[in-house]
Every structure is written in structure tokens, then in C-alpha cells.
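Worksheet for the structure shown next.
Just the heavy atoms: all of them, side chains too, but no hydrogens, waters or symmetry mates, feed the values below. Per chain, numbering begins at 1; letters A, B, ... match sequence-line order.
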Amino acid sequence: MRFSKMFIPTLREVPADADAVSHRLMLRAGYVRQLASGLYIFLPLGWRALNRINAILKKEMESIGAQEISMPILHPAEIWQQTGRWDSIGDEMFRLKDRTGRAMCLGMTHEETMTWLASREIRSYRDLPQIWYQIQTKLRDEARPKSGVLRTREFLMKDSYSFDADEESLEKSYQLHAKAYHKIFQRCGLKFYQVESDPGMMGGVVAHEFMAPSPAGEDEVALCDKCGYAANVELAKSVPSKIKSEDRGFEEVHTPDKRTAQEGDTCHKCGAKLRIEKCIEIGNIFKLGTKYSVPLKAFFLDENGSEKPIIMGSYGIGPARIAAAAIEQNNDKDGIIWPKSLAPFDVEILPLNMNDAKTVETAEKLYKGLKEKGIEVLMDDRNERAGIKFKDADLIGIPAHIILGEKNLKEGLVEIKDRRTKEAVKVKMEEVVERVSVTAPLSS
RNA sequence: CGGGGCGUAGCGCAGCCUGGUAGCGCGCCUGCUUUGGGAGCAGGAUGCCGGAGGUUCGAAUCCUCUCGCCCCGACCA
């Protein structure tokens with residue numbers, strides 16, 4: 001795409017309201033704009049990055065046999081009343097009435113609708129197992145939206161739901177998801193941990209969260225570097241350090257079976273010191289059992305003809321959180337440094353002087369050549385000064401820059417620069433396309 | 001929902017304490033010059049000072065109410 005024709009409103013100055021690094025950079029680099037508290041508009045660059053994440057999600061979900069469907073986001077109250085969550089969830093649920101006065105709500109998640117579907121369509125053990133997923137909007141009236149795109153009131157979520165005949169089969173579905181999640185986050189270039197977590201309102205027995213370490217995160221994870229134990233501090237098993245508890249004095253009320261792990265505590269498994277790290281929750285997986293299938297009457301007949309509730313699991317990933325976490329983990333003073341798999345474009349061409357015929361001609365040739373190789377190219381064809389192009393390119397964070405300067409061109413050379421290392425190599429014009437197509441990922 | 005902060009030009013801010021009819025930087029528009037790290041000169045446009053009510057001869061400034069946004073906490077499929 002041509003920069004001159006694309007809507008990329010970069011900001012020189014830091015918007016006052018943005019605090020988290022990812023939030024600041026997404027605003028400055030022209031990826032998002034805020035409509036209201038907790039409501040974000042994704043601009044062309046932001047939407048491209050999100051779609052790259054979604055493509056990875058789809059591919060990895062399909063590879064474990066999950067089937068994509070699409071659920072409404074407007075739900076009738078009845079199904080939520082049947083599972084009891086209509087009453088157990090408070091102000092966080094957006095509620096409304098339709099014109100006839102029927103109570104409705106906006107979907108915070110889709111266990112109810114998915115289970116409703118299963119209850120109508122799945123009758124026999126022969127229909128199982130199933131995994132259904134969608135990438136769908138969720139709405140939650142958050143008490144406090146914060147940190148840009150990290151905690152919003154409306155957001156996209158990849159949510160999948162497994163339907164199995166028994167516990168062993170559920171375990172398989174659960175492990176398939178865990179493995180797929182590892183692949184997904186690896187492909188997204190994230191540093192992350194899988195940790196034990198509190199099922200919370202979901203009401204299952206087993207749950208894990210996928211956590212991307214970042215100071216902007218809202219969660220804390222207790223990690224043992226020695227034996228690999230990792231859990232959300234909310235339920236991490238740990239041995240409190242004596243010295244520490246004495247320091248805290250008598251104000252501290254000890255509740256031994258339910259305490260939050262703290263820095264300095266020791267691992268209950270191996271006795272080594274636990275480390276606490278702030279993290280962004282980028283995904284979670286839950287074993288739900290029959291919590292939803294029983295109230296919504298999602299039953300099937302087993303081999304012996306006896307009626308049993310479907311055993312369920314549910315699994316979520318927040319694409320916008322992946323994007324934000326990737327930025328949190330990959331940036332420098334000049335801007336974003338996208339992992340190659342998530343960048344809105346593979347390479348950016350910077351023709352420094354658009355008034356120089358040779359520069360323009362070469363840029364056009366490279367632009368065409370790269371596109372023919374299936375490489376996503378952004379060409380900064382604006383009639384701007386070199387400095388502005390460099391600054392914007394660094395901000396936007398496309399991993400590779402091809403720099404066309406007059407002097408180099410006279411010798412038939414162009415520069416290929418790595419956004420992360422800032423190292424540039426001079427390459428013969430004719431070799432550029434070949435060279436870049438080796439390093440840049442073809443969009444897959 | 002508790003605590004704190006902030007709403008003045010597209011963005012960042014000053015002005016408010018001590019009322020007198022709105023300013024700076026960047027951006028934007030025009031022209032010329034410039035073109036390897038956010039250019040120079042010359043001209044130009046832009047404000048319901050978040051909203052409502054009040055005090056006053058006079059309100060961005062003082063008072064009351066209200067709306068919005070951010071941060072801390074509580075909360076959080």
C-alpha cells in the first residue's frame with residue numbers, strides 16, 4: 001500500500017491520557033483511536049495487525065479440529081436465567097429490553113448460547129466430540145476500563161467450546177487447546193507462561209491462564225525458576241517467609257488456606273524462592289464439566305442408551321491483548337518493534353527524496369517486485385522530508401525498512417535496515433527483492 | 001463503587017489563585033526555498049475556555065449542579 005493513500009494519523013506528541021506504553025504507541029503510531037472510555041476504533045494499521053493475529057488463531061484452531069461459527073452478541077435473558085448467571089453477574093452485564101419488553105443482554109461470553117445450540121442439536125455420543133469457535137465481539141460494562149486496549153468494554157475474543165462425552169475426552173480437548181495456545185503465542189512472538197488459575201465465576205475445577213509478562217499487566221504470577229511451578233498469585237501455593245511476616249507485624253491477618261503469594265515466599269514444591277511477575281492475561285482455558293449442560297439440558301445418549309450431560313470446556317484468547325502485549329514486550333524509545341508475524345506489513349520502502357526521478361523509479365520497481373513475491377509492502381511515497389519518514393517508520397514498527405537514498409542509488413545500492421537492531425546493510429538494487437523475500441514471512 | 005486528578009484551537013500546554021472580553025509550541029492552509037533523522041522564510045485560518053444555572057457592570061477565572069476522561073484501589077469470563 002501507498003502511505004500517501006492510507007490513513008495513518010501519527011502523532012508527534014504523546015496524548016496526555018495514555019499511560020501504558022502500548023497505549024501510547026498505538027495512539028502515536030496511528031493504530032487506534034478512543035471513542036469513549038473502554039471503546040476503541042481500530043484504524044487501518046491496527047486492524048491489519050489484528051487480522052494477522054486472527055489469521056494465526058484461525059489456523060491453529062482449525063488444526064485441532066475446531067470449527068468456526070458465529071454467534072449473536074444480543075442474547076435473550078432466558079438462557080442466562082437458566083444457568084443462573086443472569087442473577088449472579090451484576091453490573092458488568094449490559095442489559096436491555098427489546099420493543100416488546102423482552103429482557104435481553106449483550107454477550108459477555110458465549111457459554112449459554114453455545115450450550116443452547118448443543119442442547120438442540122447434539123443427541124448421540126456419535127455426535128461427540130465437537131469443538132466450536134468464533135472470533136466474536138464481547139461486551140462487558142467494566143468497572144474500570146484501563147490501559148488502552150488492554151481492558152475495554154467491548155472487545156474481540158476468540159472463544160472456543162468443547163463438547164465431550166466423558167472426562168477423558170474432555171482432558172483431550174483441554175490438552176489440544178493448551179498445545180494450540182502454546183503454538184499461537186509462540187507464533188505471535190510473545191514471551192508467556194501457562195499458569196494455574198482460579199476458575200472464578202466460570203465454575204469449573206481446572207483452569208489455566210496464559211500470561212504475557214509486562215509491567216502494564218493487571219495480574220501477578222508466582223514463578224519458581226527452579227522447578228517451573230507457575231500460578232496466579234491468587235491461588236499459588238507457597239510457604240510464607242518468616243522474616244517477612246514478622247516485618248508485617250500484628251496488623252496482618254493470616255488466612256493460611258487462602259492467601260496471596262508474595263515476593264520472597266518459597267515454592268511449596270521445591271522450596272526455592274518464588275518470583276512474582278506482572279502479566280497480561282492473553283488467554284485462558286477452563287474445564288467446565290456440566291455446569292452449563294445440565295441447566296440448559298444439553299444431554300446425549302451414550303452407548304447404553306442412557307442420558308448424560310455433555311462435558312464441556314471453554315477457551316478464550318483476546319487478540320487485542322496479544323497486540324498490546326507484543327508492543328509492551330517489543331518497543332524502544334522510537335516506537336513499536338513488531339514481531340514479524342504480527343506486523344501490519346512485512347517491509348516498508350522509504351524513498352527519501354520523492355523529487356528525485358531515480359529514487360521514485362527504483363521505489364516503484366521494488367514495490368512491484370516485492371508485491372509479486374507475495375510480500376506485504378508499505379511504501380512511504382509522501383512528499384515528506386527524510387527525517388519525517390524515518391521517524392514515522394520507527395514509530396509504526398514494521399520489521400524491515402528499505403531505504404532509498406540518492407547517493408546510494410547512484411552506485412546502484414539501497415539499504416535494508418532492521419527495525420529492532422537498527423543495523424543496515426547496503427545491497428545491490430537487483431538483489432533486494434530476493435533478499436527480503438527470504439527473511440520476510442509470506443503471509444500465511 | 002471509594003479516593004485523587006484533569007476538561008482552554010487537531011495535539012501538548014499556559015492563563016484561573018488576585019474577574020476586564022484568550023495565548024504559546026507543534027500541526028494545518030498558500031507561496032518560494034529545501035530533501036539521510038520530525039526544515040527555513042513570508043503570509044493565513046482555527047476556539048459555545050466540557051455543559052447548565054448563579055454571583056457580578058463584566059466570568060475561562062468566583063459559587064452550585066452536571067457530563068466526560070485519566071490514575072490508584074475495589075471489581076474483573
- Task: Would you please confirm or rule out a distance under 4.0 Å between OP1 or OP2 of B/C70 and any side-chain N or O of A/Ser37?
- Result: yes
- Message: Strictly below 4.0 Å, N to O, side chains only: are A/Asp141 and A/Arg153 in salt-bridge contact?
- Response: yes
- Ranking B/C72, B/G37, B/G38 by distance to the side chain of A/Arg28, first place goes to B/G38
- Item | A/Ala323: side-chain contact (heavy atoms from CB on, under 4.5 Å) partners, not counting sequence neighbours | A/Met26, A/Ile53, A/Trp338
- P atom, B/C69 versus B/G37: distance in rounded Å? 42 Å
- Message: Classify A/Met354 by what it touches in the nucleic acid, base, sugar-phosphate, or nothing, heavy-atom distance under 4.0 Å.
- Response: nothing
- Using the C1' atom on both, measure B/C72 against B/U56 and round to a whole Å. 40 Å
- Message: Mind checking if A/Asn408 touches a base, just sugar-phosphate, or nothing, with heavy atoms under 4.0 Å?
- Response: base
- Query: Does A/Trp132 have its ring centroid less than 6.0 Å away from the ring centroid of A/Phe163?
  - Reply: yes
- Message: Rounding to an integer number of angstrom, what distance separates B/C6 and B/C17 when you compare their P atoms?
- Response: 15 Å
- May I ask which nucleotide in the shown strands pairs with B/G31, Watson-Crick or G-U wobble, both distances under 3.5 Å? B/C41
- Task: Indicate, with a heavy-atom threshold strictly under 4.0 Å, whether A/Gly316 touches base, sugar-phosphate, or nothing.
- Result: nothing
- Item | Aromatic ring proximity, centroids under 6.0 angstrom, A/His182 and A/Phe210 | yes
- Message: Going by purine N1 to pyrimidine N3 plus the second Watson-Crick contact, or the G-U wobble pair, all under 3.5 Å, which nucleotide sits opposite B/A60?
- Response: none
- Query: Would one find a side-chain N or O of A/Arg12 under 4.0 angstrom from OP1 or OP2 of B/G27?
  - Reply: yes
Might you list the N or O atoms of the protein lying below 3.5 Å from N or O atoms in nucleotides 9-13 of chain B, with each pair's distance?
| unit_1 | atom_1 | unit_2 | atom_2 | d |
| --- | --- | --- | --- | --- |
| B/C11 | O2 | A/Glu13 | OE1 | 3.1 |
| B/G12 | OP1 | A/Ala16 | N | 3.0 |

- RNA chain B-proximal residues of residues 64-77 of chain A, any heavy atom under 4.0 Å: none
- Examine B/C76: is either OP1 or OP2 under 4.0 Å from a nitrogen or oxygen in the side chain of A/Lys146? Give yes or no. no
- Message: When you measure only distances, ignoring hydrogens and angles, does the side chain of A/Glu415 come within 3.5 Å of the base of B/G36 through a donor and an acceptor?
- Response: yes
- Task: Could you give the distance separating B/U61 and B/A22 at their C1' atoms, to the nearest angstrom?
- Result: 12 Å
- Message: Please compare A/Asn284 and A/Asp19 by the position of their nearest nucleotide in RNA chain B and report the one closer to 5'.
- Response: A/Asp19
- Assign A/Ser147 to base, sugar-phosphate, or nothing according to its heavy-atom contacts below 4.0 angstrom with the strands shown. sugar-phosphate
- Item | Working for side chain to side chain contact (heavy atoms under 4.5 Å, CB included), residues A/Glu376 and A/Arg48 | CA-CA 11 Å; A/Glu376 303 268 12; A/Arg48 275 185 157 257; 3.5 Å; yes
- Message: Are more than 12 heavy atoms, taken from residues, nucleotides or ligands other than A/Lys297, located less than 6.0 Å from that residue's NZ atom?
- Response: no
- Message: Please report the distance separating the P of B/C16 from the corresponding atom of B/U34, rounded so that it comes out in whole Å.
- Response: 45 Å
- Item | Inter-nucleotide C1' distance (B/G50, B/A59), Å rounded | 16 Å
- Verify the contact: side-chain N or O of A/Arg385 to OP1 or OP2 of B/A39, cut-off strictly under 4.0 Å; return yes or no. yes
- Would you kindly compare A/His23 and A/Asp91 by the position of their nearest RNA chain B nucleotide and give the one closer to the 5′ end? A/Asp91
- Message: Only pairs with both distances under 3.5 Å count, Watson-Crick or wobble alike; so what is the partner of B/G68 in this structure?
- Response: B/C6
- OP1 or OP2 of B/C72 less than 4.0 angstrom from a side-chain nitrogen or oxygen of A/Arg144, does that happen here? yes
- Less than 3.5 Å between a donor and an acceptor, one on the side chain of A/Lys417 and one on the base of B/G37, is that the case here? yes
- Which one is paired to B/A22, where only Watson-Crick or G-U wobble pairs with both distances under 3.5 angstrom count? none
- Query: Within 45° of the ring axis of A/Phe155 and under 6.0 Å from its six-membered ring centre, is that where the NZ or CZ of A/Lys138 lies?
  - Reply: no
- Message: Within this structure, what is the CG-NZ distance for the pair A/Leu288 and A/Lys291, rounded to the nearest 0.5 Å?
- Response: 8.5 Å
- Query: Any N or O donor-acceptor pair linking the side chain of A/Asp392 to the base of B/G38 at under 3.5 Å?
  - Reply: yes
- Task: Check whether any side-chain heavy atom of A/Phe94 sits under 4.5 Å from a side-chain heavy atom of A/Arg140, and report yes or no.
- Result: no
- Query: Which part of the nucleic acid, if any, lies within reach of A/Ala386 when heavy atoms closer than 4.0 Å are counted: base, sugar-phosphate only, or nothing?
  - Reply: sugar-phosphate
- Message: Let's go through A/Ser4 and A/Arg382 carefully: what are the C-alpha distance in whole Å and the side-chain angles of both, what is the deciding distance for side chain to side chain contact (heavy atoms under 4.5 Å, CB included) to 0.1 Å, and is it a yes or a no?
- Response: CA-CA 5 Å; A/Ser4 64; A/Arg382 295 174 301 169; 4.2 Å; yes
- Item | Separation of the P atoms in B/C63 and B/C11, to the nearest angstrom | 27 Å
- Message: Does the structure show a Watson-Crick or G-U wobble partner for B/U55, both distances under 3.5 Å? Name it, or say none.
- Response: none
- Hunt down the Watson-Crick or G-U wobble partner of B/G47, both distances under 3.5 Å, from any strand shown, or write none. none
- Query: When rounded to the nearest Å, what value does the distance between C1' atoms of B/G10 and B/C62 take?
  - Reply: 31 Å
- Query: Do the charged groups of A/Arg151 and A/Glu142 touch, with an N to O distance under 4.0 Å?
  - Reply: yes
- Query: Hey, would you say the A/His110 and A/Tyr133 ring centroids sit under 6.0 Å apart?
  - Reply: no
- Indicate, with a heavy-atom threshold strictly under 4.0 Å, whether A/Ala18 touches base, sugar-phosphate, or nothing. nothing
